[in-house]
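Only one structure is covered here, and it is reproduced in the block below.
Side-chain atoms are counted along with the backbone in the values below, which use heavy atoms only and exclude waters and symmetry mates. Each chain gets a letter, A, B and so on, in the order the sequences are listed, and its residues count up from 1.
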Amino acid sequence: MKIQFTHPWILSPAEAIAVQQALRPRLTLTDQLGTVQRVAGVDVGFEAAGTVTRAAIAVLGFPELDLLETAIARRSTTFPYIPGLLSFRELPAALEALERLRAPPDLLVCDGQGIAHPRQFGIACHLGLLTDLPAIGVAKTRLCGTHEEPPDQRGAWTPLWLKGEPVGAVLRTRPGVKPLYVSPGHRISLTSAIAYVMACCTRYRLPETTRHAHRLASG
DNA sequence: GCGACAG
DNA sequence: ATCTTGTCGC
């Protein structure tokens, strides 16, 4: 698939924050999805003590979740991990992997936050904007915001509040496990994001799915 | 000023 | 991200 646009990735932290602030007004935070038939899980890992970033994409048919296509890319890491600036370390490899897909997915599920972010521009927002695809952020731990513990029941969720706004959901995908942090990235509402994440967690929790994607994409 | 801090 | 230790439920 084709990436819509990009920008420099060798930046200072202050310049990276300026990029986030410039791009944030371009987000669409309402539903703007067509028929969802292809969902892409986007995960990134590291090799060689963090000097090499490895991105793996698994495209699944929806709602059956059958594996349709995978792609992988490796890049030398050009930006350190700084909370709030994760996308500047991970996206160059993820974009390269996405470019290798034969057809664009209908929805991106990204490892990390969407608008549940100090400047409301997490990695799912950033990737959604550069591809102009609907994108959801699914994180395993909290970056910012406050919330109550969701009930221990599949599908239960509580709002994640940031500056008086509900920016995400703390979602119990299965009883007895830690909840996931779901937030919209681009072209999707919070309620739709929750529904799609639950529909993608019928067989596995997302961390298991993304780990599986890494193995499949690695061969 | 101090603590918190996706991966 | 990754690693280690302690606790609990099956």
Subject >> Donor-acceptor contact below 3.5 Å, side chain A:Glu15 vs main chain A:Pro8 >> reply: no

Original post:
With a non-hydrogen cut-off below 4.0 angstrom, is A:Arg89 in contact with a base, only sugar-phosphate, or nothing?
Top reply: base

**OP:** State whether A:Ser87 places a side-chain N or O below 4.0 Å from either non-bridging phosphate oxygen (OP1 or OP2) of B:dA6.
**Re:** no

Original post:
Heavy atoms under 4.0 Å, any strand shown: does A:Leu85 hit a base, just sugar-phosphate, or nothing?
Top reply: base

Subject >> Under 5.5 Å and under 30°: A:Tyr81 stacked on B:dG7 >> reply: yes

Original post:
Whole-Å distance between C:dA1 C1' and A:Phe88 CZ?
Top reply: 19 Å

Original post:
Can you check the A:His126 NE2 to B:dG7 P distance for me, whole Å?
Top reply: 18 Å

Original post:
Whole-Å distance between B:dA4 C1' and A:Leu86 CG?
Top reply: 17 Å

**OP:** Assess the side chains of A:Thr30 and A:Ser189: does a donor N or O sit below 3.5 Å from an acceptor N or O?
**Re:** no

Original post:
Could you give the CZ-to-C1' distance, from A:Phe121 to B:dA6, as a whole number of Å?
Top reply: 15 Å

Original post:
Within 45° of the ring axis of A:Phe46 and under 6.0 Å from its six-membered ring centre, is that where the NZ or CZ of A:Arg74 lies?
Top reply: no

**OP:** Measure from NE2 on A:His147 to P on B:dA6 and round the result to the nearest Å.
**Re:** 13 Å

Original post:
Got more than 12 heavy atoms from elsewhere within 6.0 Å of CD, A:Gln153?
Top reply: no

**OP:** Report, as yes or no, whether the 6.0 Å neighbourhood of atom CD on A:Glu148 holds more than 12 heavy atoms from other residues, nucleotides or ligands.
**Re:** no

Subject >> Selection from B:dA6, B:dA4, B:dG7 that lies nearest to any side-chain heavy atom of A:Arg142 >> reply: B:dA4

Subject >> A:Lys140 side-chain N/O to B:dG7 phosphate OP1/OP2 under 4.0 Å >> reply: yes

Original post:
Could you give the CG-to-C1' distance, from A:Asp43 to B:dA6, as a whole number of Å?
Top reply: 12 Å

Original post:
What is the distance, rounded to the nearest whole Å, between atom CD1 of A:Ile136 and atom C1' of B:dA6?
Top reply: 16 Å

Subject >> Between B:dA6 (C1') and A:Leu162 (CG): distance, integer Å >> reply: 13 Å

Original post:
With a 4.0 Å cut-off on heavy atoms, is A:Gly84 in touch with a base, just the backbone sugar-phosphate, or nothing at all?
Top reply: base

